[in-house]
Amino acid sequence: MTEAIQFQLGGDGILLATIDLPGRPMNVLNGITGAAIETMVQRLETDPEVLGLVITSGKKDFLAGADLEGIRDITTAQEAFDLSMVMKRQLRRLEKCGKPAVAVIHGMCFGGGFELTLACHHRIAVTGARLGTPEVKLGLLPGGGGTQRLPRLIGMQAAMPLLCEGGEVKADKALTLGMVHALAPSREAAIEQARAWCLANPKVQQPWDAPKFRYPGGDSRSPAVAQMLAIAPAMAAAKSWNNYPAITHIMSCVFEGGLVDFDAALLIESRYFAACVVSPESKNMLNTLWFQLNAIKKGASRPPAVPASKVRKLGILGAGMMGAGIAYVSAKVGIECVLLDTTQEAADKGKAYSQDLLDKALKKGRGTAEQRDALLARITPTTSYEALAGCDLVIEAVFEDRAVKADVTKKAEAVIGAGAVFASNTSTLPITGLATASARPASFIGLHFFSPVDKMPLVEIIVGKATSPETLAKGFDYVMQIGKTPIVVNDSRGFYTSRVFGTYVMEGIAMLAEGVHPRSIEVAGLQAGMPMPPLALQDEVSLSLGLHVADQTRKDLAAEGKPYAEHPGMAVVRQLCEIGRIGKKAGHGFYDWPAAGSKGEKTLWPGLAQLFPVAAQQPAQRELIDRLMFAQANEAARCYGEGVLRSVADGNIGSIFGWGFAPFHGGALQFINAMGAKRFVERSRELAARYGARFEPAAVVVAQAETGRRFAD
Ligand code: NAD
């Protein structure tokens, strides 16, 4: 077996250790790297010729973190505790052996990689390096001493947000914060600096091992820090609603670790690390936000036989809110964009959207004027279909109207080449129906973006009945090209995301009609872990749009001779629309909204109490939360059962990235897996008996409850 670290002892007595895990594009901490670190530490401790150590990486990045497969497979807290202690003992020996160790950091240096560098006596970051402790984002915490070394290095106050939010820090900011000691323009220059530092500092000790060590800014007992520590849990809970135990565990590590000596603090950290590893929240997030997301990004839902493609020229029909956003995100990655609308003024306005975003970014110090101008030069606003000649892909984002969409489809197809793909960004109209306007339905596909396009990470790709695998592959490659995450679903009314998202808001609205206090409904949404409460969300989307879609659905189903069962929440929406309370855009919906530009806060409309009197007996919050979550999970399971969803990964990632389904549950299908099909079916039936047939468990979950199977790809 090739070793994960190559050693080179210089004539100056400095040992250069280059981490280069064989067969992997990135360095990660696993058994093989662990063994190599052991060899490295031993050599530093025992080889008299070695006077100092410089650790660097032989890959593009320093080290991305721990191998998460190993963490996923851990089932007991003892295993997790032992694993973290193995690494800690090595790092402790490294920093206590008396000889200098310097880390040369380039590229990504995250998680366990950053913790390894924290055990070095000196850190030099190469320009462009990014450092951080992102463990919390997967429900974990830095279990290699990170929660102890970082606060002792930069102070509790500065360390807490880094540890609890998991953001990354660029090299220059890391220097300002004190996370690294020096910067260097290149890896080679950094190695030279590192050697010189070792030679200049032959006897070293970590600050926390010095007898008179004091935390910068004070420890857990100091009044200034105590004030922060007292309010930090409440501040975190206001955002997380205590749904993320890792955040609380990190704060406990920092606080408790600040009361004891360093070695005792490391034990405390390992205990909390173990609690995180075996928590359902971490299992859920690892499953979905790591393994399933990576599977999607590696093309699990893309037809494998089709060669990779790139869009060079993109046509966008309709320069409204969506078209303008699509032009921006595409031009940003170098795609030439033709932005077409019915008038030059409308097309120009669409381009101005990009100008506006770029100007704002520039003011905040992001990007340069040259980059802005180059991006803008790639967007050509026009009214002429001739300009679409040579496009590899055309996306229509005109009004949500079948006739208008059919008209632009025909006009564009008359110009673009035979190999080009035509995509619709419709949010509600089935793709197979829209494709009837196309002369080549095999090249017709749905690319459903979310608003605002520049911020939302997901694109839902909808495969119509006639869509070919080549078209799907091209659509998929384009979504990856613009840096978004694609999910692939089969055609259906509302596709996957709009259909399931609707059950969340509608359930909240139905509660209002039953006499549940609107404030309880909104709080239940947030407690459930959703980013926005249901009534406020419907106001944002607009009640009139909801009503319009419902009426259209009723008409379509009647034409197909199919029954239409209206959600009880829709009666409430209709009632509000009738009195002009159509949502945020009108300033009035479930809330009274402050005028655009004013600093006021939205407030629940007091008139709701007259329309929907609050019942004397209020249900428990748990009941409300379950209704909101079971409604979504059941609808997602139905999508899976009906074949709208083509994979579990798409279902889970689509729910989190598309409408913010509580991430700690790991997505709408993982919600059922984590609970177990049996319990899910029982609780669904209870809810169905109380609130209606919409809660009857999806057939696919009932079958799982009988067979013991679960959602898996
Ligand atoms: P919009 O009203 O902001 O923009 C539509 C644009 O299309 C307008 O600029 C209009 O002038 C132009 N247009 C209309 N007819 C045209 C024609 N014949 N030829 C060329 N241009 C024409 O609407 P939007 O919110 O950008 O939505 C566009 C599409 O995207 C709709 O199908 C909508 O359902 C879908 N969508 C919207 C959202 C959203 O949140 N707004 C999200 C996903 C999908």
Side-chain angles (χ1 to χ4, degrees), residues 315-330 337-354 379-388 391 394-415 422-431 433-435 437 444-462 479 484 486-487 489 493-499 501-502 505 532 537-550 552-553 583-585 654 657-660:
I316 302 146
L317 313 181
M321 185 166 86
M322 299 305 287
I326 295 168
Y328 171 75
V329 296
S330 304
C337 298
V338 174
L339 186 55
L340 184 147
D341 211 297
T342 45
T343 63
Q344 188 61 42
E345 193 189 351
D348 290 340
K349 191 169 162 224
K351 179 171 174 171
Y353 175 78
S354 284
I379 304 177
T380 308
T382 184
T383 59
S384 157
Y385 277 82
E386 297 308 316
L388 298 176
C391 281
V394 172
I395 304 173
E396 72 78 9
V398 297
F399 296 140
E400 189 76 341
D401 178 305
R402 280 199 183 86
V404 180
K405 290 196 187 290
D407 179 50
V408 301
T409 306
K410 289 196 168 77
K411 283 181 180 153
E413 282 188 356
V415 182
F422 189 95
S424 173
N425 178 44
T426 177
S427 37
T428 56
L429 303 169
I431 288 300
L434 291 180
F444 197 103
I445 197 164
L447 289 180
H448 180 206
F449 286 81
F450 295 77
S451 175
V453 179
D454 60 297
K455 295 223 172 73
M456 296 296 285
L458 191 78
V459 177
E460 184 177 28
I461 302 182
I462 303 115
V479 175
K484 303 233 179 254
I487 62 161
V489 306
R493 191 168 295 284
F495 316 127
Y496 167 60
T497 54
S498 307
R499 176 171 158 184
F501 159 80
V505 278
M532 215 191 251
L537 197 48
Q538 185 65 56
D539 266 4
E540 292 268 359
V541 174
S542 113
L543 282 78
S544 49
L545 181 66
L547 192 57
H548 173 76
V549 173
Q552 184 66 44
T553 306
K584 182 181 176 183
K585 64 180 175 187
F657 286 17
W659 72 93

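If you're wondering where the values come from, they're calculated on a predicted model, not measured in any experiment. Ligands are counted one by one from 1 in listed order, and the atoms in each one are counted from 1 as well.
Side chain of Gln538 to main chain of Gly583: no donor-acceptor pair is present (N/O by atom type, distance under 3.5 Å, no hydrogens or angles). Side chain of Glu460 to backbone of Tyr496: a donor-acceptor contact under 3.5 angstrom is found.
For atom 32 (O) of ligand 1, the nearest protein heavy atom (residue, atom name, distance) is Glu400 OE1, 2.5 Å. Nearest protein heavy-atom contact of atom 43 (C) of ligand 1 is Phe449 O, 3.1 Å. Looking at atom 18 (N) of ligand 1, its nearest protein heavy atom turns out to be Val408 CG1, 3.5 Å. Annotation: atom 13 (N) of ligand 1 to nearest protein heavy atom, Asp341 OD1, 3.8 Å. For atom 15 (N) of ligand 1, the nearest non-hydrogen atom of the protein is Val404 CG1, 3.6 Å. Atom 23 (O) of ligand 1 has its closest protein heavy atom at Met321 N, 4.6 Å. Atom 31 (C) of ligand 1 has its closest protein heavy atom at Val398 O, 3.2 Å. Gly320 N, 3.7 Å is the protein heavy atom nearest to atom 6 (C) of ligand 1.
Partner Thr426 forms a side-chain hydrogen bond (donor to acceptor under 3.5 Å, both in side chains) with one of Glu400, His448, Glu396 and no other, that one being Glu400.
Checked against ring pair (Phe, Tyr, Trp, His ring centres under 6.0 Å), Phe422 has the following partners two or more places apart in sequence or in another chain: Phe444.
In the candidate list Lys411, Met322, Glu345, Lys405, Met322 is nearest to atom 42 (C) of ligand 1, counting heavy atoms. Considering Val549, Asn425, Leu317 only, the shortest heavy-atom separation from atom 30 (O) of ligand 1 involves Asn425.
Of all the atoms in ligand 1, the ones that sit under 4.0 Å from a non-hydrogen atom of His448 are 43 (C), 44 (C).
The distance from the CD atom of Gln552 to the CG atom of Leu429 is 7.0 Å, given to the nearest 0.5 Å. Rounding to the nearest 0.5 Å gives a distance of 11.5 Å between OG1 of Thr342 and CG of Leu317. Between the CZ atom of Phe450 and the CG atom of Asn425 there is a distance of 9.5 Å, given to the nearest 0.5 Å.
Judged by the shortest distance from any of its heavy atoms, Ala397 lies inside the 4.0 Å radius around the atoms of ligand 1.
For the residue pair Ser542 and Ser544, a side-chain donor N or O sits within less than 3.5 Å of a side-chain acceptor on the partner.
Between Gly323 and Ala397, the shortest heavy-atom distance links the atoms N-CB, 3.9 Å.
Contacts with ligand 1 closer than 4.0 Å are made by heavy atoms of both the backbone and the side chain of Ser427.
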